[in-house]
Amino acid sequence: MPELPEVETIRAGLAPVLIGNRIQHLAIHAPKLRWPIPVAQLQQETCNQIIHTLERRGKYLLWGCGSGHILIHLGMSGRLFVQQGARAAHDHAIWTLENGVRICLHDPRRFGALLWIDGAWQNHPLLAGLGPEPLGERFDADHLHAHCRGRRVAIKTLIMNPRVVVGVGNIYAAEALFLAGVHPARAAQTLSRDDGARLVRAIRQVLQAAIVQGGTTLRDYRQSDGTPGYFALHLNVYGRSGEPCRVCATPIALLRLGQRSAFFCPRCQAEG
DNA sequence: AAATTCTCCTGAAGGC
DNA sequence: TGCCTTCAGGAGAATT
């Protein structure tokens with residue numbers, strides 16, 4: 001579940017640990033995650049260098065270090081934390097800082113990424129085409145409405161497209177559509193401008209609330225200090241098929257949109 | 001069973 | 001009708 005709130009929680013937790021500290025050693029124990037790990041380049045470029053920034057763009061983490069950036073994506077099962085004990089299974093990368101702190105990248109399913117970017121990250125192929133940050137000023141009703149125009153794609157699929165807006169994964173897409181009262185399968189082009197405005201507000205609201213709760217822990221996700229996130233207690237539709245809607249008591253429904261589960265209330269989120 | 005997102009492929013739909 | 005382009009959606013990538 002690392003969606004935007006989870007990655008932001010990890011960033012905020014690790015920033016005071018990383019920033020201003022020097023990387024002493026990097027050990028890599030897997031040849032590749034989603035892509036091959038450029039081991040020699042990472043070691044050469046970052047060892048003995050100070051980490052000066054820790055940024056998040058969508059679900060990507062960027063450590064400003066030396067003359068470039070370490071890029072990390074947590075995929076579906078990735079965790080990034082301060083390692084306390086011995087190395088465990090699926091601990092693929094371990095940074096040792098000059099003060100002795102060890103940072104571990106752990107990812108059983110290996111859908112994550114660990115790459116090196118020379119110089120600025122804004123033009124890197126993985127980042128250059130990303131849509132606006134959902135909590136930033138550039139994400140507004142105009143922007144969403146422009147992307148909906150002429151598109152028959154389901155609105156849930158559209159808001160999960162990182163080229164439209166970053167960071168909205170399956171859980172928060174479902175929750176935002178519920179708050180906005182929009183059926184997940186509605187063709188994007190049928191949304192009125194007012195629907196779009198409500199959806200933008202709902203996306204911001206649900207992401208902000210989740211960040212306050214430290215993210216959503218279903219199974220694997222932990223904050224960088226090991227504690228779970230508590231937004232699962234606030235979920236209205238995600239994972240609740242068959243249970244009563246908290247607003248109208250109608251059983252929550254589940255439909256398959258693409259290859260993803262789409263949970264919704266058939267009454268609060270009527271079609272059309 | 002499945003939280004992520006890339007690339008590649010196929011078939012449908014739209015423009016002219 | 002037919003050709004061409006774009007769009008939509010599915011598979012596959014790794015693993016507990």
Side-chain angles (χ1 to χ4, degrees), chain A residues 1-10 29-37 56-62 71-80 88-93 105-115 117 124-131 134 146-177 184-190 206-207 210-211 213-223 228-232 234-235 237-242 254-263:
Chain A
M1 314 131 283
E3 296 186 30
L4 186 148
E6 290 73 32
V7 179
E8 177 58 25
T9 299
I10 288 168
H29 302 284
K32 64 180 287 250
L33 297 177
R34 186 190 184 95
W35 297 289
I37 299 174
R56 177 190 59 71
R57 178 74 173 98
K59 301 175 188 173
Y60 294 92
L61 281 171
L62 298 143
L71 176 149
I72 291 177
H73 193 288
L74 299 175
M76 280 175 76
S77 59
R79 291 169 54 184
L80 189 64
H90 312 299
D91 289 353
H92 303 311
L105 175 62
H106 168 103
D107 185 5
R109 291 188 61 191
R110 301 190 199 211
F111 259 25
L114 172 55
L115 298 171
I117 300 174
H124 186 277
L126 287 174
L127 302 163
L130 293 179
H147 275 279
C148 286
R149 197 161 299 136
R151 303 289 304 277
R152 280 174 302 278
V153 68
I155 187 61
K156 176 167 177 284
T157 306
L158 185 117
I159 62 175
M160 290 177 66
N161 180 347
R163 275 170 282 279
V164 174
V165 58
V166 296
V168 183
N170 207 30
I171 297 173
Y172 299 116
E175 295 300 313
L177 287 164
R186 258 180 74 183
Q189 63 186 351
T190 69
V206 74
L207 292 176
I211 289 171
Q213 297 294 318
T216 300
T217 294
L218 297 181
R219 262 183 83 174
D220 301 330
Y221 166 75
R222 289 294 184 278
Q223 301 184 45
Y230 296 101
F231 193 71
H234 301 263
L235 296 176
V237 288
Y238 185 84
R240 295 192 67 239
S241 56
L254 169 60
L255 82 89
R256 214 66 193 164
L257 228 41
Q259 298 294 90
R260 317 299 296 277
S261 304
F263 299 89

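Here the C1' atom of nucleotide dC6(B) and the CE atom of M76(A) are 14 Å apart, to the nearest Å. Rounded to an integer number of Å, the gap from CZ of R34(A) to C1' of dA3(B) is 14 Å. Atom CZ of R110(A) is separated from atom P of dA3(B) by 21 Å (rounded to the nearest Å). For the pair L4(A) CG and dT5(B) P, the interatomic distance rounds to 10 Å; values are reported in whole Å. Remark: P of dA8(C) and CE of M160(A) are 16 Å apart, rounded to the nearest angstrom. For N170(A) and dT5(B), the CG to C1' distance is 13 Å, given to the nearest whole Å. Whole-Å rounding puts the Y172(A) OH to dT5(B) P distance at 13 Å. In this structure, I72(A) places its CD1 atom 17 Å from C1' of dT5(B), rounding to the nearest Å.
Among the nucleotides dA8(C), dA11(C), dA3(B), the one closest to any side-chain atom of V153(A) is dA8(C). Comparing atom distances between the E3(A) side chain and each of dC6(B), dG9(C), dT4(B) picks out dT4(B) as nearest. Minimum atom distance to the side chain of R151(A) is reached by dC7(C), of the listed dT16(C), dC7(C), dC6(B). Minimum atom distance to the side chain of Q259(A) is reached by dA11(C), of the listed dA14(C), dA2(B), dA11(C). For K59(A), counting side-chain heavy atoms from C-beta on, the closest listed nucleotide (dG9(C), dT5(B), dA2(B)) is dT5(B). Here the nucleotide nearest the side chain of R109(A), chosen from dA8(C), dA3(B), dC6(B), is dA3(B). Among dT5(B), dC6(B), dA14(C), the nucleotide with an atom closest to any side-chain atom of K32(A) is dA14(C).
An OP1 or OP2 oxygen of dA3(B) is reached within less than 4.0 angstrom by a side-chain nitrogen or oxygen of Y238(A). The shortest distance between the side-chain N/O atoms of H73(A) and the OP1/OP2 oxygens of dT5(B) is below 4.0 Å. Between R256(A) and the phosphate of dG10(C), there is no side-chain N or O to OP1/OP2 separation shorter than 4.0 Å.
The minimum heavy-atom distance linking L4(A) with P134(A) is given by the pair CD1-CG, 3.7 Å. Pairing each heavy atom of E3(A) with each of V168(A), the nearest pair is OE1-C, 4.1 Å. Taking both residues in full, the closest heavy atoms of S241(A) and L254(A) are given as CB-CB, 3.9 Å, listed atom of the first, atom of the second, then distance.
Between H92(A) and L114(A) there is no side-chain heavy-atom pair separated by less than 4.5 Å. Side-chain atoms of L74(A) and K59(A), non-hydrogen and from C-beta on, never get closer than 4.5 Å to each other. Between I159(A) and L177(A) there is a side-chain heavy-atom pair separated by less than 4.5 Å. Between I117(A) and L127(A) the shortest side-chain heavy-atom distance falls below 4.5 Å. Annotation: side chain of M160(A) is in contact with side chain of N170(A) (closest heavy-atom distance under 4.5 Å).
Nucleotides dT5(B) and dT16(C) have their P atoms positioned 22 Å apart, rounded to a whole Å.
A cation-pi arrangement is absent between R57(A) and Y60(A), since the terminal nitrogen or guanidinium carbon is not both under 6.0 Å from the aromatic centre and inside a 45° cone about the axis.
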Point to revise | Base-pair map of DNA chain C as dot-bracket, where | denotes pairing with a different strand and pairs are Watson-Crick or G-U under 3.5 Å | key: .||||||||||||..|

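Both S261(A) and W35(A) lie close to DNA chain B; mapped to their nearest nucleotides by heavy-atom distance, the more 5′-ward contact belongs to S261(A).
Among the heavy atoms of the strands lying under 4.0 Å from R260(A) is at least one base atom, whether or not backbone atoms are also near. Residue contacts shown for L126(A) are limited to sugar-phosphate atoms, with no base heavy atom under 4.0 Å away.
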Using atom names, set out every protein N or O paired with an N or O of nucleotides 10-16 of chain B below 3.5 Å, distance rounded to 0.1 Å.
none

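Lacking a ring centre under 5.5 Å from that of the base six-membered ring together with a plane angle below 30°, F111(A) does not count as stacked on dA13(C).
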Point to revise | Pair H234(A)-Q213(A), side-chain contact (heavy atoms from CB on, under 4.5 Å): steps then yes or no | key: CA-CA 9 Å; H234(A) 301 263; Q213(A) 297 294 318; 3.5 Å; yes

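Under the 3.5 Å distance criterion, the side-chain polar atoms of R149(A) are left unmatched by any main-chain donor or acceptor of R151(A).
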